[in-house]
Trainee: 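Structure in structure tokens, see below.
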Protein chains: 2
Amino acid sequence: MATPVAPSAGTQPRRSAAATRAEILRVALDLFTRQGYDGTSIRDIAEALGMTKSSLYYHFPGKEAIASALAERRGRELEELVRWIEEQPPGPGLLRDAALRWLASADAEQIRGMRFARANQPVMHRLAEEHAGIRQGFDRVVEALLPGGAGIRERLRVRMVFETLSAAILAAEGTDATDDDIIAAARDAVVAATS
Amino acid sequence: MATPVAPSAGTQPRRSAAATRAEILRVALDLFTRQGYDGTSIRDIAEALGMTKSSLYYHFPGKEAIASALAERRGRELEELVRWIEEQPPGPGLLRDAALRWLASADAEQIRGMRFARANQPVMHRLAEEHAGIRQGFDRVVEALLPGGAGIRERLRVRMVFETLSAAILAAEGTDATDDDIIAAARDAVVAATS
DNA sequence: GTCTATAGGTTGATAGAC
DNA sequence: GTCTATCAACCTATAGAC
């Protein structure tokens, strides 16, 4: 399963540090999603990359820092959605439009990111607590869509609309549904929930 | 946080083994949900019960057996739903009726069970693989509701209706929503999705 | 049924050579 | 940037006394 890297011949490494970092994140995302954060050791990640644990520590200060980088990437995607919402004129159709826009932007990588977040709730929650920058999931989105004094039931409703994609991903677990199937199912549910 | 158990005075233990077993499951469910399966050691569970690890091994052959017992309990709840579905006359309204029945039966304990399953996907999945008896989640329910040749999109739709409660629980994470709020939100979504 | 003690293994992380 | 070698801390699980 590992993809060993041929040792570099010259003094210059074959790939830049930035590329290696991205590769580490890609492999870690895959393993964390499939085996869970706690079920994946630093050694697992390193071996899948064809390097040793110690080399990994050159690129990241620790295991949690890898998960943190993944969470931050996910946070940036959501922040972009918040910015878009704040630019729109408020109105009753905005919730549906925002949710459908979110779905339309969901590519394979983003779906993998959500699967990761879903499969590793305990770590994500811990990261959000320690590290105040990473606010949990759709908090900011809900904030942007609702007036300040909204009740708990209204908040729940809005949150659930955005959890729809997450629900579709979970529903597809173990089946052979494609990403397109998942997004189509989520879209139907969003439309039904915002009628 | 621990609730130490007073040592029994006579030769007979204060509580039957069955009661102790149930208490272990209750405490383990709580800890597994809050800290995750891997984040909870046998020692954590034992200390919360006021006993030592070794005593726990008298009641359960291992850590995984505890999670397995929790998963089986969850499986029994779903089996009851499957039985009910099979007794009903088939029809287009059956999906909604079954989902609403499932919601109506969801008490606090069941919601805690779902939260556990949700927060520990990797273990649940592993248990379902190794131990063929525990089939994953709503597989049986979907089977009972759909004709054999149903397509993947139709299967997804049915699964998602049942994932609604799960989505509501997730949406309520971190908020101060009550169980009633969660169930109400889930009911609205089920009705919308099955119109 | 519960305890102490410990075996046997894995983990995340560090030091220092190249 | 990558390696070998090593550490302390932690885990599950077992043995055997009471």
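In what follows, every chain begins at residue 1, and chains take the letters A, B, ... in the order their sequences are listed.
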Trainee: Which whole-number value in Å describes the distance from Asp44(B) CG to dT12(D) C1'?
Mentor: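 It is 13 Å, rounded to the nearest whole Å.
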
Trainee: Among dT12(D), dT2(D), dA15(D), which nucleotide has an atom closest to any side-chain atom of Lys63(B)?
Mentor: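 My answer, after comparing the listed nucleotides, is dT12(D).
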
Trainee: Distance check needed: dA7(C) P versus Ile42(B) CD1, whole Å only.
Mentor: 20 Å

Trainee: So with a 6.0 Å cut-off around CZ of Arg153(B), is the heavy-atom count from everything else above 12?
Mentor: yes

Trainee: Nearest to the side chain of Ser54(A), heavy atoms from C-beta on, is which of dG1(D), dC11(D), dT4(D)?
Mentor: dT4(D)

Trainee: Indicate whether OP1 or OP2 belonging to dT2(C) is found under 4.0 Å from a side-chain N or O atom of Tyr58(B).
Mentor: no

Trainee: Check the distance between dT2(D)'s C1' and Phe60(A)'s CZ and give it to me in whole angstrom.
Mentor: 16 Å

Trainee: Between dT2(C), dC3(D), dT12(D), which one does the side chain of Ser55(B) approach most closely?
Mentor: dT2(C)

Trainee: Hey, which sits more toward the 5' end of DNA chain C by its nearest nucleotide, Arg43(A) or Pro61(A)?
Mentor: Arg43(A)

Trainee: Is the base of dT12(D) touched by the side chain of Ser41(B) through a donor-acceptor pair closer than 3.5 angstrom?
Mentor: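 By the distance-only test, no, there is no pair.
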
Trainee: Provide, to the nearest angstrom, the distance between the CG atom belonging to Asp38(B) and the P atom belonging to dC10(D).
Mentor: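 That distance rounds to 17 Å.
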
Trainee: Would you kindly give the CD-to-C1' distance between Glu64(A) and dA13(C), to the nearest whole Å?
Mentor: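 Distance, rounded to whole Å: 14 Å.
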
Trainee: Considering only dC3(C), dT6(C), dT11(C), which nucleotide approaches the side chain of Met51(B) most closely?
Mentor: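 In terms of side-chain proximity for Met51(B), the closest of dC3(C), dT6(C), dT11(C) is dC3(C).
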
Trainee: Taking the side chain of Tyr57(A) as its heavy atoms from C-beta onward, which of dG1(C), dG12(C), dC3(D) lies nearest to it?
Mentor: dG12(C)

Trainee: Between Arg21(B) and His59(B), which heavy-atom pair has the shortest distance, and what is it?
Mentor: NH1-O, 4.0 Å

Trainee: In whole Å, I'd like the distance from the CD atom of Gln35(B) to the P atom of dC10(D).
Mentor: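 Between P of dC10(D) and CD of Gln35(B): 15 Å.
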
Trainee: To the nearest Å, how far apart are Ile45(B) CD1 and dA13(D) C1'?
Mentor: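 Nearest whole value for this atom pair: 14 Å.
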
Trainee: Starting the side chain at C-beta, find the nucleotide from dT11(C), dA15(D), dA13(D) nearest to Lys53(B).
Mentor: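 Out of dT11(C), dA15(D), dA13(D), the nucleotide with an atom closest to Lys53(B)'s side chain is dA13(D).
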
Trainee: Has Lys63(A) got its NZ or CZ under 6.0 Å from the middle of the six-membered ring of Tyr57(A), at an angle within 45 degrees of the ring axis?
Mentor: no

Trainee: Scan Thr52(A) against the nucleic acid and name what it touches under 4.0 Å (heavy atoms): base, sugar-phosphate only, or nothing.
Mentor: base

Trainee: Taking all atoms of both residues into account, what is the closest heavy-atom pair of Ala177(B) and Leu156(A), and its distance?
Mentor: CB-CD1, 4.1 Å

Trainee: Let me know the distance between CD of Glu47(A) and C1' of dT11(C), rounded to the nearest Å.
Mentor: 13 Å

Trainee: Kindly give the heavy-atom pair with the smallest separation between Ala167(A) and Ala167(B), and that separation in Å.
Mentor: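 Where Ala167(A) meets Ala167(B) most closely, the heavy atoms are CB-CB, 4.3 Å.
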
